[in-house]
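As structure tokens, the structure follows; a few thoughts come after it.
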Amino acid sequence: MRTPLPSRTAAGSRALLLAPLLTLGLTLSPSGAEAATLERVEPPHWFLGYRDTSLQLMLHGEGLAAMTPSVDAPGIRIDRFETGDSPNYLFVYLDLGPEASPGRFTLTLEGGGETLTHDYDLRAKNPDPDHARGFSGEDTIYLITPDRFVNGDPGNDNDPELGDPVDRSELCGRHGGDLAGITGSLDYIEGLGFTAIWLNPVLENRMPVCSYHGYSTTDFYAADPRYGTIEEYVALADASRSRGIGLIMDMIVNHIGTGHWWMDDLPTEDWLNFPELRPITTHVHATTFDHNGSAYDRQAFNDGWFVDSMPDLNQRNELLADYLTQNALWWIETLGLAGIRMDTHPYPDKHYMAEWSERVMLEYPQFNIVGEEWHSSPAFVSYWQRGKDNHDGYVSHMPSMMDFPVQEAMRQALLEEIPDWGSSWMPLYEMLAHDFLYPAPQDLVIFPDNHDMSRIFTQLEEDEDLWRMAMVLSTTLRGTPQIYYGTEILMANRESGDHGLIRSDFPGGWAGDSRNAFTGAGLSDAEREAQEFVRRLLNWRKTARVVHEGRFMQFVPVGEIFSYFRYDESETVMVILNKNEAPIELPLTRYAERLRGATRAQDVLTGRQVALDAPLTLSPRSVLLLEIAH
Ligand code: CA
């Protein structure tokens, strides 16, 4: 699939390279050598106002490595320029001094009797800190798989040049959802009470099959046209921001897709890990910090390919490292993001990841990043959080991580049969007791499910009582909740755990859908009630400051009842989850240290007043969400 690396010294391979390029319409100069061309400049433009004033320009085009760059503009200086192993790349490092001003300057390339020029655009970085505000415990995140949510523009469904045409009957096929569909659904998303949106990746995925999931980037500076233009992406970000909804971008620096344009002409021989052998990673995350581990295993995990169609990037190559870091800053600034979700966080070189997160947080101190470390051990996940004092001295700058351990413990506790002794809630209680491992457990992102696992309703065997408990847990435990689209209408993947089925089309997102979750048409009573439950819960949460930033205290589960508090000096919320099959009385005396003599409360879920001066009678398999009146 990949063409061999062109060599600068071997005349034979040079001649081989020439033949296919000629068919692309490149011309010969009078001397007989190919005329130099400038085909790509990345980043396509840049922003003035970063604390680190260096800028790497990756220039790609025929014969560019033989050329010398120059710039004549106030405040802009060429710090150095570097070439790779391909003759067709030039990496120009600029320093943008205080005299540099927004506008265009001319970059000149000279060599072999030829001169090329390029007008490069510098723009002012947005000075408003709210432009890239970050997200926090105040927010509730709606996770959307864009191909499967709403087809706002059927005109962009297919792009003959990119292949993989729309086929809604294929689980792994493109279904046509897009950015315009999300922008058009902001009333619905806002109405449900969400204040942030995380999209699975929407950058170009020029892949022959299964391109819909977006995790095979083939151009770091292009939105996939089947999702829309960069302008439409910006329009979504702006429209969201004006409603107080932040946009979180899914980023992948571990790998690219085999359709990436680099694959036809790799800049350096070490741009990828194992470009010929393509070994698949062991997926054994522990190797990255195993005190007793081998270098062999570390490399087999970090440098193996995620899958055969996802070439593994070598972030130890400094040219690539700078390229990837700048790409993140470019998208934050271009879109005014509220956050980044970093895919496969343990898989790239961990020292690069620390450098990456440090730079992002240096340039955007109020920003937020959440990393994916899919492991059930909080020792694993906490290793990556900013502020962790690690055994090996590793210093990360990731403010947040996905709380996979609590997700798994929550499912386990909810599904657990009632034991002869103790409580089925113990796995969740004990997992939360591990919070001491995290420097900032309140900054984790908590979730009942995501795009990579069975729908929570399926995980809970379609039990509506347990589903309601999962919703309340996910939105009132410490952290920032994330809920996958369709969870609010009990979307399920009954037939199998196939990812394409988990990521099913949202009802009403396509013209002619027989069911419509936006209007309620065709939904069952249970689905409509679930949607109303989520709407009520999240709209309450939006203003429940004590749930955003209050402290968390849990009580040991007793007899199938799990109870906890969110509290500060002035406000208290109490959550009581009861898995008993019959009504049961709950004496409140053991909660005196948090109830502090309060005699009444209001149940957020029903609006009902609840007296606290006598034991509570709990309904079978129920959840109470009490605002305590002090
Ligand atoms: Ca479309």
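We count ligands from 1, going down the list as the structure has it; atoms in each ligand are counted the same way.
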For the residue pair W261 and H60, categorise the inter-ring angle as parallel (less than 30°), tilted (30 to 60°) or perpendicular (more than 60°).
-> tilted
If you leave out waters, which protein N, O or S atoms are less than 3.0 Å from the Ca ion (ligand 1)?
-> N151 OD1, D153 O, N156 OD1, D157 OD1, G176 O, D178 OD2
salt_bridge(D264, R206) N-O dist < 4.0 Å | no
Carboxylate-amine/guanidinium proximity below 4.0 Å for D238 and R243 = no
Electrostatic pair E138-K542, nearest N-O below 4.0 angstrom = no
Can you list the residues that meet the salt bridge (Lys or Arg N to Asp or Glu O under 4.0 Å) rule with R133, with sequence neighbours excluded?
-> D139
State whether Y212 and R148 meet the cation-pi test: NZ (Lys) or CZ (Arg) under 6.0 Å from the six-membered ring centroid, and within 45° of the perpendicular axis.
-> yes
